[in-house]
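Take a look at the following structure, please.
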Amino acid sequence: MKIKLLMMILLVNFISCKKEEAKVIKKSEFVKTWFDTVRMTPYMSKLKINENKTFNYDGGACTSSFHSKGTWRIEKDTLILNSYQINKCYWKENFGLLCFTREEIDSMRKDNKTIKDCEPTREESYVIFQNERFYLKNDTLIHTKKNKNCPKLRIAFSSIEKVRKNN
């Protein structure tokens with residue numbers, strides 16, 4: 001009887017360890033540097049998911065640049081990113097595809113700054129991630145939200161940086 005009980009306890013412990021090990025492996029799949037796949041030269045961006053549950057997002061096009069920093073968590077098989085609030089003066093952008101004309105973007109940016117009534121000194125934006133969700137498909141990190149202004153486009157990041165050709 002004692003032997004059966006001991007075997008049952010060992011079996012339960014073994015199964016529990018395997019489940020915990022699977023969680024660690026799953027989390028580590030997200031931890032790396034991801035490179036944008038959708039946009040063309042001269043645009044580029046990269047998303048670095050750090051082991052310490054933080055992320056860095058950087059990129060730019062021509063003379064403008066953008067960045068963000070924040071925290072991440074995993075719910076089931078979904079990576080969720082949220083930016084830190086900052087107290088430096090930048091243009092503020094929401095993460096996602098901007099499918100607007102340059103004039104529409106300039107109009108939206110007019111009062112869209114990280115600090116009210118500040119004047120950004122250069123063409124640099126702080127990107128706001130607000131519960132932005134991503135899932136893995138093969139070696140690609142795919143954003144789950146679609147922009148209604150450009151529904152055929154999706155944001156995706158690859159674990160391998162793509163070589164871009166100038167048009």
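Sequence positions, counted from 1, serve as the residue numbers for this chain.
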Quick one: CD on Glu132 to OG1 on Thr144, what's the gap to the nearest 0.5 Å? 7.5 Å

From CA spacing to verdict: side chain to side chain contact (heavy atoms under 4.5 Å, CB included), Thr37, Phe157: CA-CA 5 Å; Thr37 61; Phe157 294 90; 5.6 Å; no

Evaluate the criterion ring-ring contact (aromatic ring centres under 6.0 Å, His included) for residue pair Tyr126 and Phe66; output intermediate values, then yes/no. CA-CA 6 Å; Tyr126 188 74; Phe66 52 86; over 10 Å; no

Given 3.5 Å as the limit, does a donor-acceptor pair link the side chain of Trp34 with the main chain of Ser159, or not? no

Hey, could you give me the CD1/CG distance between Ile142 and Leu136, rounded to the nearest 0.5 Å?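 It comes to 8.5 Å.
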
Please round to the nearest 0.5 Å and tell me the distance separating atom OG1 of Thr54 and atom CD1 of Ile49.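 Here the interatomic distance stands at 8.5 Å.
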
I'd like to know if the side chain of Asp36 reaches the main chain of Ser45, judged simply by a donor and an acceptor atom lying under 3.5 Å from each other, with no hydrogens or angles considered. yes

Quick one: which of Ile80, Thr78, Leu81 gives a side-chain contact (heavy atoms from CB on, under 4.5 Å) with Phe134?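 Only one option passes, and that is Leu81.
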
Heavy-atom closest contact (Val31 atom, Asn50 atom, distance):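 The pair with the smallest heavy-atom distance is CG1-C, 4.0 Å.
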
What is the minimum heavy-atom distance between Ile115 and Cys89, and which atoms define it?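 Heavy atoms only, the tightest pair is CD1-N, 4.0 Å.
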
Phe129 side, atom CZ; Leu47 side, atom CG - distance, nearest 0.5 Å: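 Between atom CZ of Phe129 and atom CG of Leu47 there are 5.5 Å.
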
Any donor and acceptor pair, going by atom type alone, linking the side chain of Lys53 with main-chain N or O of Trp72 inside 3.5 Å?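 Not confirmed, Lys53 side chain does not pair with Trp72 backbone.
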
Classify the ring geometry between His67 and Tyr90 as parallel (under 30°), tilted (30 to 60°) or perpendicular (over 60°).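 Answer is perpendicular, since the angle exceeds 60°.
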
Salt-bridge present (Glu161, Lys46; N to O < 4.0 Å): no

Restricting to non-hydrogen atoms, name the atom on Val127 and the atom on Ser68 that form the minimum distance, rounded to 0.1 Å.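 Distance-wise, the nearest heavy atoms are O-OG, 2.6 Å.
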
Test of understanding: clusters of I, L, V, M, F, W, Y form through side-chain heavy atoms closer than 4.5 Å, transitively. Do Leu79 and Tyr84 belong to the same one?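 Not linked; separate clusters.
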
Under 3.5 Å donor-acceptor, Ser65 side chain and Glu124 backbone: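 No, because the side chain of Ser65 does not come within donor-acceptor range (under 3.5 Å) of the backbone of Glu124.
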
Quick check for you: to the nearest 0.5 Å, what is the distance between Gln85 atom CD and Ile128 atom CD1?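 With rounding to 0.5 Å, CD (Gln85) is 7.5 Å from CD1 (Ile128).
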
Taking C-beta and beyond as the side chain, do Arg133 and Glu75 meet within less than 4.5 Å on heavy atoms? yes

Would you say that Ile155 contacts Phe95 through its side chain, given a criterion of any heavy-atom pair below 4.5 Å between the two side chains?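 Yes - at least one pair of side-chain heavy atoms lies under 4.5 Å apart.
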
Please round to the nearest 0.5 Å and tell me the distance separating atom CG of Asn112 and atom CD of Glu93.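 Answer for the CG-CD pair, Asn112 versus Glu93, is 7.0 Å.
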
Considering all heavy atoms of both residues, which atom of Phe30 and which atom of Asp77 are nearest to each other, and what is their separation?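 Reported closest heavy-atom pair: CZ-O, 3.8 Å.
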
Is a donor from one side chain sitting under 3.5 angstrom from an acceptor on the other, for Asn138 and Thr140?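 Side chains of Asn138 and Thr140: no pair found under 3.5 Å.
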
With side chains defined as the heavy atoms from C-beta onward, is the minimum distance between Trp91 and Glu123 less than 4.5 Å?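 Trp91 reaches Glu123 side chain to side chain.
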
Closest contact, heavy atoms only, Asn82 versus Arg73: ND2-NH1, 3.4 Å

